[in-house]
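Keep in mind that the numbers below use all heavy atoms, side chains included, and drop hydrogens, waters and symmetry copies. Letters go in sequence order (proteins before strands), and every chain restarts at 1.
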Number of protein chains: 2
Amino acid sequence: MLAAMPRLASSPASDTATRALDVAETLVQQMGFNWFSYADIAEALGIRKASLHHHFPSKADLGRALLVRYRDRFDVELKRIHALPIDAHGKLLRYVGLYEAVLRGDRLCLCGMLAAEYASLPEPMQEEIRSFFDLNRKWLASVIREGRRSLLFHTRDTPESASFTLLGALEGAMLVARPYGDVARFAESAAQVLESLKTRPGSKGSR
Amino acid sequence: MLAAMPRLASSPASDTATRALDVAETLVQQMGFNWFSYADIAEALGIRKASLHHHFPSKADLGRALLVRYRDRFDVELKRIHALPIDAHGKLLRYVGLYEAVLRGDRLCLCGMLAAEYASLPEPMQEEIRSFFDLNRKWLASVIREGRRSLLFHTRDTPESASFTLLGALEGAMLVARPYGDVARFAESAAQVLESLKTRPGSKGSR
DNA sequence: GTCTATAGGCAGATAGAC
DNA sequence: GTCTATCTGCCTATAGAC
């Protein structure tokens, strides 16, 4: 109470910057990066646009900070899930839960939204988006590998390939579910995709 | 050569309007609806912004026209595929080919892009986006039903539910593939998802 | 249908006082 | 760190001549 909170290495640069990122994150996830403006954030925070430029000189800086923070938080969650004493299917269920919580807040995954706007974004942001997807694909591949070792999953495809499909299916299910405001549909799709990892490569397949 | 081209009921209102829609469509699919402006289209067409407003009074009008045309064209393609003398799996392969062609042009599905920006769009556009997805889900469900009748597909889920999952998986695979500029990854994902329709509901599954 | 001209507003960004 | 003031440029949209 007497002294200022000690500033940990991982803590944000300032309270205003953090609150600005919070507001911006929601705006991007709901409306897109090209829609919102400094004025929207300034109004929400009760400060002036010029003050925001002190924390984030350009909109590209703000966007990059947004992505770095989002990825770091996701990384923490992923590590947390991986450490849980549950099987691979349970871990994927938790992973899906992360997405479902976002959708329930009428948002898209930050990187799903920014992947759509990808071509219009500054290069430093593009790099961070790929980095987010890389992180997720790597994590998913390792869980899929774990599920195979324990004979829970039986996919014919490589874990790398399956992880890409899974990531795309979840991002896409969110994307298509939102116009209908229907979280249940997303959950159903997610369950179907997870289930398809369990099925044995039965019939010969195509050809 | 002597007379003006006869104006069919389904033909565009004017050549300028059509060319404007062509340019706008590409811009939206690559950069998003909130990124492009009348100036971009006017420049590409070699006319003035004010002339564009003659054809599309507001940007919302342009957006709606874009969606109506896109859906109508998709509808034609879907009917064409359905009439082909090939099995359900072959029809889905053709359907995937539609998406792949779009991605190859460094674009996203128009409605995939607009679904991301959904919350920021005027209501008439939102309605058209849902309509596009409805059209696709209905078509996919009917093909899945056909594949089941012929014992090609063996999904446990309802065709309605599976069609939503399939649509989401394809839209999402496009979304995630684009930052990597990797059409092959999309094709691989699409093949995996189609394959999962064929697998038998083997093991007991969850619970 | 296309043009010039312009309105009226908002965008991202900077300078410099406090 | 926050403010006022301001710049420059672009945005959507309209009026009215040709």
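Atom-to-atom distance recorded for A:Asn136:CG and A:Leu98:CG is 9.0 Å, nearest 0.5 angstrom.
A sub-4.0 Å separation between OP1 or OP2 of D:dT12 and a side-chain N or O of B:Ser58 is absent. In this structure, B:Ser37 does not reach the D:dC10 phosphate: none of its side-chain N or O atoms is under 4.0 Å from OP1 or OP2.
In this structure, a donor-acceptor pair under 3.5 Å is absent between the side chains of B:Asp134 and B:Ser131.
Cation-pi contact between B:Lys59 and B:Phe36: present, with separation from the ring centre below 6.0 Å and deviation from the ring axis of at most 45°. Cation-pi check for A:Arg137 over B:Tyr180 is met; the charged atom lies under 6.0 angstrom from the ring centroid and within 45 degrees of its normal.
Going from atom CD1 of B:Ile41 over to atom P of D:dC10 covers 17 Å, rounded to whole Å. Summarising the geometry, the separation between CG on B:Asn34 and C1' on D:dT12 is reported as 13 Å, rounded to the nearest angstrom. Between the CZ atom of B:Phe56 and the C1' atom of D:dT14 there is a distance of 18 Å, given to the nearest Å. Remark: P of C:dG9 and CG of A:Asp40 are 17 Å apart, rounded to the nearest angstrom. The separation between B:His53 atom NE2 and D:dC11 atom P is 11 Å, rounded to whole Å.
Side-chain contact check for B:Ile81 versus B:Val143: every heavy-atom pair is 4.5 Å or farther apart.
Remark: B:Asp182 engages B:Arg185 in a salt bridge (Lys or Arg N to Asp or Glu O under 4.0 Å) (not counting sequence neighbours).
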Contacts under 3.5 Å, N or O only, protein and nucleotides 2-6 of chain D:
from: D:dT2; atom 1: OP1; to: A:Thr16; atom 2: OG1; distance (Å): 2.9
from: D:dT2; atom 1: OP2; to: A:His55; atom 2: NE2; distance (Å): 2.7
from: D:dC3; atom 1: OP2; to: A:Arg48; atom 2: N; distance (Å): 2.7
from: D:dC3; atom 1: OP2; to: A:Ser51; atom 2: OG; distance (Å): 2.8
from: D:dT4; atom 1: OP2; to: A:Arg48; atom 2: NE; distance (Å): 3.4

